Amino acid sequence: MADQYARPSQETESVDGRGGRPALPVIRWDESPEGPVVVLLDQTRLPSEEAELVCAEAPALVQAIRTLAVRGAPLLGIAGAYGVALAAARGFDVDEAADALADARPTAVNLARGARRAQAAYRAALAAGGNRDQANAACLAEARALHEQDAQSSARMALHGLSLLDELLPGDNHRILTHCNTGALVSGGEGTAFAVALAAHRGGRLRRLWVDETRPLLQGARLTAYEAARHGMPYKVLTDNAAGALLAAGEVDAVLIGADRIAADGAVANKVGSYPLAVLARYHHVPFIVVAPVTTVDLDTPDGAAIVVEQRAAREVTEIAVPRTLAGVEAGTVVPLAPVGSEAYNPAFDVTPPELVTAIVTEEGVASPPTVQSLAELCAKAQPVTLT
Ligand SMILES: CSC[C@H]1O[C@H](OP(=O)(O)O)[C@H](O)[C@@H]1O
């Protein structure tokens with residue numbers, strides 16, 4: 001078997017800029033002989049394996065969300081919606097499924113929104129006199145509409161984000177530092193912040209993509225590097241604690257990150273490690289740009305202090321699972337990094353105050369600087385997408 005860690009063959013982007021590799025099968029609804037299923041690309045197995053995870057019931061999807069087999073705010077919204085549709089299609093309690101999915105992870109606002117949107121479609125169909133089959137169909141249609149809406153949002157964010165980079169940065173060959181993973185693996189399309197870097201690459205305007213490894217779950221080293229390699233992007237991985245030296249060396253033109261929840265005042269919850277990047281970017285006079293769909297803006301959360309930050313298990317910090325069979329050690333074997341029994345502080349996210357955010361790029365436009373008014377105006381512009 002080819003070395004599992006061999007970089008995917010670096011497809012040069014074809015003339016149309018779409019690249020030679022198929023889109024990642026991140027999530028899909030499927031009809032199996034035993035009934036409907038939601039099929040996920042299991043992100044805990046990447047980059048060494050492109051393995052599918054088949055969910056036949058909502059609880060399996062809840063577990064996939066909790067273990068980050070499926071992750072990333074926009075995709076969590078899509079998964080939440082499909083999970084409710086799955087419960088409906090299989091005759092389980094839709095409200096119970098929506099509650100379980102909405103509560104699976106607390107910080108990413110999209111998750112609860114997606115689950116509730118599908119639940120509301122189901123309830124509305126029944127209230128309009130529809131039968132169960134019609135309600136099930138309405139629920140699934142809403143999940144598919146959300147999936148399509150996010151794909152369209154991703155493409156629009158990429159355009160707005162690239163225009164902003166060209167406006168803010170000298171020259172046309174950008175060096176972008178990014179954190180965690182914000183590509184197709186978090187999206188119905190090509191992602192959020194990563195999609196901007198990819199658009200720059202396709203336009204011949206990406207000199208370097210610096211990829212924070214993003215401890216403890218390594219979404220950067222495992223997932224962003226995997227996606228960048230698939231597109232033949234000029235990337236380099238760095239440890240999170242090397243970002244300061246990189247900025248001090250003048251090697252970064254802009255920091256681009258995603259978001260899990262944006263409060264009404266522009267405070268941004270994102271993967272832990274984002275806030276120190278914002279402080280470093282401000283100190284080194286580098287734009288700190290957040291890229292997220294308006295579905296991630298939560299006008300009902302007034303400020304950063306009101307955002308619930310998910311606290312995850314200590315073992316994610318103190319242990320590591322061997323990603324593939326190494327020297328006879330089976331893949332998945334857990335190896336302690338710290339003395340057994342060590343406690344750990346493991347917030348999944350941190351909150352960047354709005355004064356450290358240069359701009360928030362959405363599919364409806366850019367809030368620069370982000371304010372209550374500018375964000376509310378962008379949210380007001382959003383139109384629901386109906387499937388054609
Ligand atoms: C643009 S959503 C991606 C966002 O989600 C990640 O968190 P997780 O991997 O725990 O789902 C991270 O905060 C990314 O910025």
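Everything numeric in this text was worked out from a predicted model, so none of it was measured. Each ligand, and each atom within it, is numbered from 1 in the order the structure gives. Residues take their numbers from the sequence shown, with the count starting at 1. When reading the values below, keep in mind they use all heavy atoms of this one structure, side chains included, and skip hydrogens, waters and symmetry mates.
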Polar contacts were defined as any N/O atom of the residue lying under 3.5 Å from an N/O atom of the ligand; does this apply to [X] and ligand 1?
| X | result |
| --- | --- |
| Thr192 | no |
| Gly72 | yes |
| Gln219 | yes |
| Asn181 | no |

Can you give me the closest heavy-atom contact between Pro370 and Gly266, atom names plus distance? CB-CA, 4.2 Å

Minimal heavy-atom distance between Gly191 and Ala195, with the atoms involved, is O-CB, 3.5 Å

Return yes when Arg105 approaches ligand 1 closer than 4.0 angstrom through a heavy atom, no otherwise. yes

Of the backbone atoms (N, CA, C, O) and the side-chain heavy atoms from C-beta on, which set of His179 has a member under 4.0 Å from an atom of ligand 1: side chain, backbone, both, or neither? neither

Where does Ala259 meet ligand 1, judged by heavy-atom distances below 4.0 Å: at the side chain, the backbone, both, or neither? backbone

Aromatic ring pairing His231/Phe194, orientation class (parallel under 30°, perpendicular over 60°, tilted between): tilted

Return the residue, atom name and 0.1 Å-rounded distance of the protein heavy atom closest to [atom].
| atom | value |
| --- | --- |
| atom 12 (C) of ligand 1 | Cys180 SG, 3.3 Å |
| atom 2 (S) of ligand 1 | Ala73 N, 3.1 Å |
| atom 9 (O) of ligand 1 | Arg71 NE, 2.7 Å |
| atom 4 (C) of ligand 1 | Asp260 OD1, 3.4 Å |
| atom 14 (C) of ligand 1 | Asn270 OD1, 3.6 Å |

Can a donor-acceptor pair be found between the side chains of [X] and [Y] at a distance below 3.5 Å?
| X | Y | result |
| --- | --- | --- |
| Gln63 | Arg66 | no |
| Tyr226 | Gln43 | no |
| Thr44 | Asp42 | yes |

With atoms numbered from 1 as shown, which atoms in ligand 1 lie under 4.0 angstrom from a non-hydrogen atom of Leu68? 9 (O), 10 (O)

Under a 4.0 angstrom heavy-atom cut-off, which atoms of ligand 1 come close to Pro74? 1 (C), 2 (S)

Hey, which of Asp99, Asp95, Asp103 is the one that makes salt bridge (charged side-chain N to carboxylate O under 4.0 Å, His left out) with Arg116? Asp99

How long is the gap from CG on Asn181 to CD1 on Ile257, to the nearest 0.5 Å? 13.0 Å

Within the side chain of Trp210, is there an N or O that forms a donor-acceptor pair under 3.5 Å with the backbone of Glu251? yes

